[in-house]
Protein chains: 2
Amino acid sequence: MPTNRDEQAPKPDLRLINQALAMICGKWRLYIILLLGEQTLRYTQLSELLPGISEKVLAGELKALVALGVMKRKAYAEMPPRVEYKLSKKGRLALPVLNQLQEVGQLFN
Amino acid sequence: MPTNRDEQAPKPDLRLINQALAMICGKWRLYIILLLGEQTLRYTQLSELLPGISEKVLAGELKALVALGVMKRKAYAEMPPRVEYKLSKKGRLALPVLNQLQEVGQLFN
DNA sequence: CGGCATCCTTTATGATACTG
DNA sequence: CAGTATCATAAAGGATGCCG
């Protein structure tokens, strides 16, 4: 016979949770994803939209998000160089839920 | 005239985002919230459901979540002592979105 | 039982200078 | 322009012992 808790709420999956947290946790990561949304932005545009972020951290976060498959990086062989970032399909699929986190934040007002 | 981006996706609110992240980020915080769900659990039960968490971290996370207003702590003046934790109304309101984060994690499989 | 205090290790974040 | 390298600080997490 199942317990009351099993019926009402199956035990959360720690692995799924950690994958979601890897995508959004950190001082800038979720904000970068939401900011990007459906647009394509260049490295410099992102740095202007994230005032106060250091070069090292921005480059590191972008690299990590690309590695996670959340966003895509496209470099053009031009001079001066141009690099564009946009969400991957995976990132776009996650977007609705991630945007809802702002409503969760709203609960604290 | 609004820009294309303004129409499609208003700039995310960093303050709301940070409030949501404060609630869920960290190695255990989101898992504690989802695990609690609609139940009431004692301190020792929580520690058994979070294998590997240290006393310091568990006590600190519970205290932080109570301070954030996400959960409630109820201590009984018995011997031996008994302390119960459950989600506050705020925590229960956030629960549906937080559970959806597992589906976001599912995207990485 | 349900913590807190202390000390320690690991990650995360940041400032800055430099380069293909 | 779009980063990397190096150095430094801060925050998170953990091990362990003690206490009301």
Side-chain angles (χ1 to χ4, degrees), chain A residues 14-15 17-36 39-68 70-87, chain B residues 14-15 17-36 39-68 70-87:
Chain A
L14 194 45
R15 194 167 136 273
I17 288 176
N18 284 336
Q19 284 169 328
L21 290 179
M23 186 176 179
I24 63 177
C25 281
K27 192 167 171 184
W28 304 99
R29 201 165 287 199
L30 175 58
Y31 191 64
I32 292 172
I33 293 171
L34 297 185
L35 198 53
L36 210 50
Q39 353 174 43
T40 296
L41 290 174
R42 296 181 59 170
Y43 181 89
T44 303
Q45 292 178 300
L46 282 166
S47 74
E48 288 165 357
L49 291 166
L50 301 166
I53 197 172
S54 74
E55 295 298 321
K56 179 198 153 191
V57 171
L58 175 56
E61 293 299 84
L62 293 175
K63 185 177 281 194
L65 288 167
V66 169
L68 285 169
V70 174
M71 57 176 61
K72 302 260 190 190
R73 175 188 190 274
K74 186 168 186 183
Y76 295 86
E78 301 172 355
M79 201 56 188
R82 178 164 56 109
V83 179
E84 291 179 346
Y85 291 91
K86 63 175 182 178
L87 292 189
Chain B
L14 193 46
R15 195 168 132 273
I17 288 175
N18 284 336
Q19 285 170 328
L21 290 180
M23 185 176 179
I24 62 177
C25 280
K27 192 167 170 183
W28 303 99
R29 202 165 288 200
L30 176 58
Y31 192 65
I32 290 171
I33 293 171
L34 296 185
L35 197 53
L36 210 50
Q39 351 174 45
T40 297
L41 291 174
R42 296 181 61 169
Y43 180 89
T44 302
Q45 291 178 301
L46 282 164
S47 75
E48 287 165 358
L49 290 166
L50 301 166
I53 197 171
S54 74
E55 294 299 321
K56 177 198 155 192
V57 172
L58 176 56
E61 293 299 85
L62 293 176
K63 182 178 281 193
L65 288 167
V66 169
L68 285 169
V70 175
M71 58 176 59
K72 303 259 190 188
R73 175 187 189 275
K74 186 168 185 181
Y76 296 85
E78 301 172 355
M79 203 54 190
R82 177 165 56 109
V83 179
E84 291 180 346
Y85 291 91
K86 63 176 182 177
L87 292 189

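By convention in this document, chain letters (A, B, ...) are assigned in the order of the sequence lines, proteins followed by strands, and residues within each chain are numbered from 1. Everything numeric here is computed off the predicted structure, so don't read it as measured data.
- Counting to the nearest Å, the C1' atom of D:dA2 and the NZ atom of A:Lys63 are 11 Å from each other.
- For the pair A:Glu61 CD and C:dT13 C1', the interatomic distance rounds to 9 Å; values are reported in whole Å.
- One finds the NZ atom of A:Lys63 at 14.5 Å from the CE atom of A:Met71 (value rounded to the nearest 0.5 Å).
- Among all heavy-atom pairs drawn from A:Leu68 and A:Ala22, the shortest one is CD1-O, 3.6 Å.
- Across all non-hydrogen atoms, the minimal contact from A:Cys25 to B:Gly26 is SG-N, 4.5 Å.
- Rounded to 10 degrees, the angle between the two end axes of the helix from C:dC1-D:dG20 to C:dG20-D:dC1 is 50°, with five pairs used at each end.
- A sub-4.0 Å separation between OP1 or OP2 of D:dC1 and a side-chain N or O of A:Arg42 is absent.
- Between B:Asn18 atom CG and A:Lys27 atom NZ the span is 8.5 Å, to the nearest 0.5 Å.
- Here A:Thr40 contributes atom OG1 and A:Lys74 contributes atom NZ; the two are 9.0 Å apart, rounded to the nearest 0.5 Å.
- Expressed to the nearest 0.5 Å, how far CH2 of B:Trp28 lies from CG of B:Leu46 amounts to 12.0 Å.
- Rounded to an integer number of Å, the gap from B:Leu62 CG to C:dC4 C1' is 13 Å.
- Shown here for A:Met23 and A:Leu65, the closest heavy-atom pair between the two residues is O-CD2, 3.9 Å.
- When all heavy atoms of B:Tyr31 and B:Leu50 are compared, the pair lying nearest together is CD2-CD2, 3.2 Å.
- For the pair B:Tyr43 and B:Leu58, the minimum side-chain heavy-atom distance is below 4.5 Å.
- Scanning both residues, B:Lys72 and B:Val66, for their nearest heavy atoms gives C-CG2, 4.4 Å.
- Not one side-chain nitrogen or oxygen of A:Ser54 sits closer than 4.0 Å to the OP1 or OP2 atom of C:dT13.
- Relative to the side chain of B:Tyr85, the nucleotides C:dC4, D:dC1, C:dG3 differ in distance, and C:dG3 lies closest.
- Proximity of a side-chain donor or acceptor of B:Arg29 to a complementary backbone N or O of B:Leu21 within less than 3.5 Å is not detected.
- Taking a 4.0 Å limit (strictly below) on heavy-atom distances, residues 23-31 of chain A reaches DNA chain C at A:Gly26, A:Lys27, A:Trp28.
- Separating the CD1 atom of A:Ile53 from the P atom of C:dG14 is a distance of 7 Å, rounded to the nearest angstrom.
- Salt bridge absent: A:Glu84 and A:Lys86 never bring a charged side-chain N and a carboxylate O closer than 4.0 Å.
- For D:dT4, the base has no donor-acceptor partner in the side chain of A:Lys56 [N/O atoms by modelled type, under 3.5 angstrom].
- Residue A:Leu46 contributes atom CG, which lies 14 Å from atom P of D:dC1 at whole-angstrom precision.
- When rounded to the nearest whole Å, the span between OH of A:Tyr43 and P of C:dT19 equals 17 Å.
- For the segment residues 70-83 of chain A, the set of residues with a heavy atom within less than 4.0 Å of an atom of DNA chain D comprises A:Arg73, A:Pro80, A:Pro81, A:Arg82, A:Val83, in numerical order.
- With rounding to whole Å, A:Leu50 atom CG is found 17 Å from C:dA15 atom C1'.
- Positionally, the nearest nucleotide of DNA chain D for A:Ala59 lies more toward the 5' end than for the other of B:Glu55 and A:Ala59.
- Put simply, CG on A:Leu58 is 16 Å from C1' on D:dA5, counting in whole angstrom units.
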